[in-house]
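Have a look at the structure below before the remarks.
All heavy atoms count here, side chains included; hydrogens, waters and symmetry mates do not. Whatever order the structure lists ligands and atoms in, that order sets their numbers, starting from 1.
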Amino acid sequence: MVRKSTASDPSFKVTISPRGASRLKDGHVWVYRSDIVSADGVPAGSLVRVADHRGQPLGSALYSSSSQIALRLISHEPVADFPALLRQRIAEAIAYRESIVHDTDAYRLIFSEADFLPGLIVDRYNDVLSLQILTQAMDAETVRQTLTSELTERLHPASIVERGDPRVRQLEDLPPRASGLVQGEKASTIFTMNGVQFHFDALEGQKTGAFLDQRENYAAAAQYAHGEALDVFCYQGGFALHLAPRCSHVAGIDSSRPALEVADQNAALNHAQLNDNDKEIEWIEANAFDLLKDYSASGQRYDTIVLDPPAFAKSKRDLEAALRGYKELNLRALKMLRPGGVLVTCSCSYHVSQADFLQMLADAALDAHRTLRLAEVRGQAKDHPILLNVPETAYLKCVIAIVS
Ligand code: SAH
């Protein structure tokens, strides 16, 4: 187990190799364990000064004693008062969202490295804040206190909940910690994005409860959607509910019954908006691969198909297999689209680049003997910022294409 963090003591120093130093000089914020030259006596989760092998200072970082990412840079300067820096970064993250987020009360408030708060994720769902702590340094009690007091002071949430990921905690050599309320009593709420309402239950669901990174893509997809629509890997109905007002019929497919039950409750919340009252979204519990195969074999046709599968490539090694999986899905969807049909196809695998994804789609179009026009090549919503020099912060691809 890790020792008690001393994240506020900046006296520890870590020396890194020339390769690690040049990575930082290129604008990245990570130093891998293999690039640590010395970290003698540095406690787990401390704030450290980073220097190259000649002793030249490179900034301040958070040290992990167990992760392969040993250092995460937090400032190019020495940091005398870590809680004060945290408060400043939180204020900046909130101010950034105020300038770029519209039409929603649910969005990512703090996105780890992209907000210079590595290891910290905070999502807002209306009046409930959901936090995830992913590194030793951010798990320190002083950090937790600073975080909750700053968020409370600035946003006055009804409650703050924490979602712990047991696998991440194990990798960081942190003791297990139950998910649950950190402050306040309210664990569920209703949030609104693009005028569509959703249930949120802090203690259930996947990730932090909803896929907030798709928020802008939902609105974009709705602009093109028409006719009969299929939302494949629909989870709690994010795309389906946005498409429904524009389409004559929508079906959502997912293998998770609990997700579909929430999707159905979400549809009921938005009843009035689904144009006429007898327009019902159909929720189908199935393995999407099998169902698409059956549907295409039986000659079913659609005007709009959304594909938003879970990440197929969890590591670089999985890339080839992942691309084959994406191609199979996209090929089937393309074959089922009527002329003029809309394909909304996504990948949340960081290891599949945008170029790989577009090439896969081009190959699928060739095999399907269909011509595809790219209407939009999109990414994650702006409240999940991308740091240009930290490629790992960009992970979501969402392509909207028209089939002729
Ligand atoms: N489009 C959703 C997010 C999808 S996440 C949204 O915008 O909210 C991926 C979903 O795929 C999960 O809900 C998961 O239950 C589902 N899933 C994973 N494997 C599946 C499979 N083989 N068939 C159908 N659904 C699957």
Quiz item: Which atoms of ligand 1 are found less than 4.0 Å from any heavy atom of D308?
Solution: 1 (N), 2 (C), 3 (C), 4 (C), 6 (C), 7 (O), 9 (C)
Quiz item: Going by the order shown, which atoms of ligand 1 are within less than 4.0 Å of some heavy atom of Y235?
Solution: 2 (C), 3 (C), 4 (C), 8 (O), 13 (O)
Exercise. Determine, using heavy atoms of C348 and all atoms of ligand 1, whether some pair is separated by less than 4.0 Å.
Key: no
Quiz item: With atoms numbered from 1 as shown, which atoms in ligand 1 lie under 4.0 angstrom from a non-hydrogen atom of A286?
Solution: 23 (N), 24 (C)
Quiz item: Going by distance alone, is a donor N or O of one side chain under 3.5 Å from an acceptor N or O of the other, for E261 and Q265?
Solution: no
Practice problem: Ignoring hydrogens, just give me the one of F233, F239, Y218 whose non-hydrogen atom is nearest atom 8 (O) of ligand 1. | Solution: Y218
Exercise. Enter the distance from E328:CD to K293:NZ here, rounded to the nearest 0.5 Å.
Key: 6.5 Å
Quiz prompt | E216 (side chain) donor-acceptor with K382 (main chain) under 3.5 angstrom | solution = yes
Self-check item: Partner of C234 under side-chain contact (heavy atoms from CB on, under 4.5 Å), chosen from L241, I281, D254, I253
Solution: D254
Quiz item: Applying a strict 4.0 Å limit to heavy atoms, is A259 in contact with ligand 1?
Solution: no
Quiz item: Counting heavy atoms only, which of D290, D231, D254, L291 comes nearest to atom 13 (O) of ligand 1?
Solution: D254
Quiz item: Under a heavy-atom criterion of less than 4.0 Å, does N287 contact ligand 1?
Solution: yes
Practice problem: Of the side chain and backbone of A210, name the one, both, or neither that has a heavy atom under 4.0 Å from an atom of ligand 1. | Solution: neither
Quiz item: N/O of Q236 under 3.5 Å from N/O of ligand 1, yes or no?
Solution: no
Practice problem: Check the angle between the aromatic planes of H28 and W30 and answer parallel, tilted or perpendicular using the 30° and 60° thresholds. | Solution: tilted
Quiz item: Quick one: which ligand 1 atoms are inside 4.0 Å of a heavy atom on C234?
Solution: 2 (C)
Self-check item: Nearest candidate to atom 23 (N) of ligand 1, where distance is taken over non-hydrogen atoms, out of A288, S256, G325
Solution: A288
Quiz item: With E376, which residues qualify under salt bridge (Lys or Arg N to Asp or Glu O under 4.0 Å), at least two apart?
Solution: R378
Quiz item: Where on C346 is there a heavy atom closer than 4.0 Å to ligand 1, on the side chain, on the backbone, on both, or on neither?
Solution: neither
Quiz item: Under the 3.5 angstrom rule, does the side chain of R97 hit a backbone N or O of R108 as a donor-acceptor pair?
Solution: yes
Quiz item: Relative to each other, are the rings of F191 and Y125 parallel, tilted or perpendicular (30° and 60° limits)?
Solution: perpendicular
Practice problem: Would you sort out whether F12 and Y63 count as a ring-ring contact (aromatic ring centres under 6.0 Å, His included), showing the intermediate values? | Solution: CA-CA 10 Å; F12 298 106; Y63 176 70; 9.2 Å; no
